[in-house]
J.: 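Provided herewith is a single structure, encoded as structure tokens, for subsequent inquiry.
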Amino acid sequence: MSHMVDGYSPLRLLLIGSPGSGKGTQSGRIQDNFEVDCISSGDILRKNIAQGTEIGKRAAKEMKNGAFVSDEVMVRLIDAELGKIGSEQSWLLDGFPRTMTQAKTLDKTLDEVSQPLNLVIHLNVPEEVILQRIMDRWVHIPSGRVYNMTYNPPKHAGLDDVTGELLERRPDDNPETFKIRLQKHHELTEPLLDYYRQRNILVSLAGNTSDEIYPQIRDLLQSRFKPEETAEAQASV
């Protein structure tokens with residue numbers, strides 16, 4: 001469980017970025033170094049799709065057609081996850097909200113439990129870089145583990161490092177579908193960025209790789225939230 005640290009307010013963080021911009025990678029690094037719980041819309045979707053739930057089937061059909069999952073589906077999933085988080089826990093949202101309707105619904109939900117967003121980070125990665133990442137991406141569907149043949153390949157080609165099961169390409173990881181997703185992403189995200197910019201909680205961080213962007217994220221969070229002590233530091237006390 002992640003709790004508020006004396007002298008620091010709980011972090012209420014949202015990561016925004018294009019498909020393939022590295023939101024999952026950055027989310028993992030933040031969790032490794034800070035006491036922050038993650039709510040990943042992608043993980044929640046994949047879990048429901050893999051389990052064949054009613055809402056998972058609806059989401060899979062929408063994604064196969066190159067569309068984003070509808071507001072109704074996403075709000076139902078995220079509201080349920082937020083309801084499990086205590087008021088003193090710090091958290092980050094990865095991949096939600098993606099529309100103004102979702103953002104306003106989220107704000108209403110968070111206001112009701114006195115946990116408003118206090119930081120939104122926009123991952124600004126060039127489109128040509130993102131396209132190459134998409135083309136090199138392979139996924140272990142049941143777990144959501146992502147591999148990239150350029151910088152994060154599996155130990156054995158085509159196989160998941162943990163289970164040894166076959167890796168697959170996501171149905172929407174192709175140039176044609178990606179271009180549709182990217183266009184829709186920009187149409188939806190620009191108003192969203194303006195919305196959070198007007199609330200003075202938006203920070204845009206630019207870079208070609210996750211290694212370039214993460215140090216910027218780390219420095220930003222260290223100014224607002226105390227990093228978790230390492231095992232070595234704890235042992236030396």
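All of these numbers come straight from a predicted model, not from anything done at the bench.
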J.: Compare every heavy atom of Ser210 with every heavy atom of Pro215, then report the nearest pair and how far apart it is.
T.: CD-O, 4.5 Å
J.: Distance from Arg29 atom CZ to Phe34 atom CZ, nearest 0.5 Å?
T.: 12.5 Å
J.: In terms of hydrophobic clustering (I, L, V, M, F, W, Y; side-chain heavy atoms under 4.5 Å; direct or indirect links), are Val129 and Trp138 co-clustered?
T.: no
J.: Hydrophobic clustering (ILVMFWY, side-chain heavy atoms < 4.5 Å, transitive) - are Leu93 and Met100 grouped together?
T.: yes
J.: If you draw a 6.0 Å radius around CD in Glu54, do more than 12 non-hydrogen atoms from other residues or ligands fall strictly inside?
T.: no
J.: Can you tell me how far CD1 of Ile217 sits from CD of Gln222, rounded to the nearest 0.5 angstrom?
T.: 12.0 Å
J.: For the residue pair Arg133 and Val146, establish whether any side-chain heavy-atom pair is separated by less than 4.5 Å.
T.: no
J.: Determine the minimum heavy-atom distance between Pro10 and Gln89, stating which atoms define it.
T.: CB-O, 4.0 Å
J.: Flag the pair Pro97 / Lys104 as yes when at least one side-chain heavy-atom distance between them is below 4.5 Å, and no otherwise.
T.: no
J.: For the side chain of Ser90 and the backbone of Val36, is there at least one donor-acceptor N/O pair under 3.5 Å apart?
T.: no
J.: Do Val120 and Val203 have side chains that get closer than 4.5 Å, going by heavy atoms?
T.: no
J.: Do side-chain atoms of Ser41 reach the backbone of Asp94 as a donor and acceptor pair under 3.5 angstrom?
T.: yes
J.: For residues Leu15 and Ser27, determine if any side-chain heavy atom of one lies less than 4.5 Å from a side-chain heavy atom of the other.
T.: yes
J.: So which atom in Thr163 and which in Arg145 form the shortest heavy-atom distance, rounded to 0.1 Å?
T.: CG2-NH2, 3.7 Å
J.: Could you check whether any side-chain N or O of Gln102 sits under 3.5 Å from a backbone N or O of Arg98, counting only pairs where one atom can act as donor and the other as acceptor?
T.: yes
J.: Please assess Ser18 against Lys23 for the test side chain to side chain contact (heavy atoms under 4.5 Å, CB included), listing each intermediate value before the final yes or no.
T.: CA-CA 9 Å; Ser18 300; Lys23 295 187 296 296; over 6 Å; no
J.: In terms of side-chain heavy atoms, does Thr189 have a donor or acceptor partner in His186 at a distance below 3.5 Å?
T.: no
J.: Between the side chains of Arg46 and Asp43, is the shortest nitrogen-to-carboxylate-oxygen separation below 4.0 Å, so that they form an ion pair?
T.: yes
J.: If we check side-chain contact (heavy atoms from CB on, under 4.5 Å) with Leu131, which of these qualifies: Glu128, Met135, Glu127?
T.: Met135
J.: What do the steps show when you test Phe96 against Ile39 for side chain to side chain contact (heavy atoms under 4.5 Å, CB included), and what is the final call?
T.: CA-CA 9 Å; Phe96 179 92; Ile39 298 176; over 6 Å; no
J.: Asp107 and Tyr195: side chain to side chain contact (heavy atoms under 4.5 Å, CB included), yes or no, with the steps?
T.: CA-CA 12 Å; Asp107 282 346; Tyr195 176 69; 2.4 Å; yes
J.: Say whether Leu159 and Ile141 are linked into one hydrophobic cluster, either directly or through other cluster members, by side-chain heavy-atom distances under 4.5 angstrom.
T.: no
J.: Is any side-chain heavy atom of Ile121 closer than 4.5 Å to one of Ser204?
T.: no
J.: Can Val139 be reached from Ile49 by stepping across I, L, V, M, F, W or Y side chains whose heavy atoms are under 4.5 Å apart?
T.: no
J.: How long is the straight-line distance from CG of Leu92 back to CD of Gln26, given to the nearest 0.5 Å?
T.: 11.0 Å
J.: Tell me the closest heavy-atom pair linking Pro142 and Glu165, and the distance in Å.
T.: CG-OE1, 4.2 Å
J.: Starting from Leu193, can I reach Tyr196 by hopping between I/L/V/M/F/W/Y residues whose side chains sit under 4.5 Å apart?
T.: yes
J.: Over all heavy atoms of both residues, which pair between Asn208 and Val125 is shortest? Give the atoms and the distance, please.
T.: O-CG1, 4.1 Å
J.: Find out whether His122 and Leu205 are in side-chain contact, i.e. whether some heavy atom of one side chain is under 4.5 Å from a heavy atom of the other.
T.: no
J.: Check the pair Ile78, Thr105 against side chain to side chain contact (heavy atoms under 4.5 Å, CB included), reporting the backbone distance first and the verdict last.
T.: CA-CA 11 Å; Ile78 299 299; Thr105 301; over 6 Å; no
J.: Does the pair Asp194/Arg199 count as a salt bridge with the N-to-O cut at 4.0 Å?
T.: no
J.: Would you say Asn118's side chain and Arg12's backbone share a donor-acceptor pair under 3.5 angstrom?
T.: yes
J.: Can a side-chain donor-acceptor contact be found between Tyr147 and Asp160 if the only test is distance below 3.5 angstrom?
T.: yes
J.: Is the closest side-chain donor-acceptor distance between Asp219 and Tyr214 under 3.5 Å?
T.: no
J.: Between atom CG of Leu13 and atom CD1 of Ile30, what is the distance when rounded to the nearest 0.5 Å?
T.: 5.5 Å
J.: Nearest 0.5 Å, please: how far is CG in Leu220 from CG in Leu119?
T.: 5.0 Å
J.: When rounded to the nearest 0.5 angstrom, what is the spacing between CD1 in Ile44 and CG in Leu77?
T.: 6.0 Å
J.: Using side-chain heavy atoms (C-beta onward) and a distance below 4.5 Å, is Thr53 in contact with Lys47?
T.: no
J.: Taking the side chain from Asp161 and the backbone from Lys155, do they hold a donor-acceptor pair closer than 3.5 Å?
T.: yes
J.: Can you name the closest pair of heavy atoms from Gly20 and Ile134 and give their distance?
T.: CA-CD1, 4.0 Å
J.: Any side-chain heavy atom of Leu221 sitting closer than 4.5 Å to one from Leu11?
T.: yes
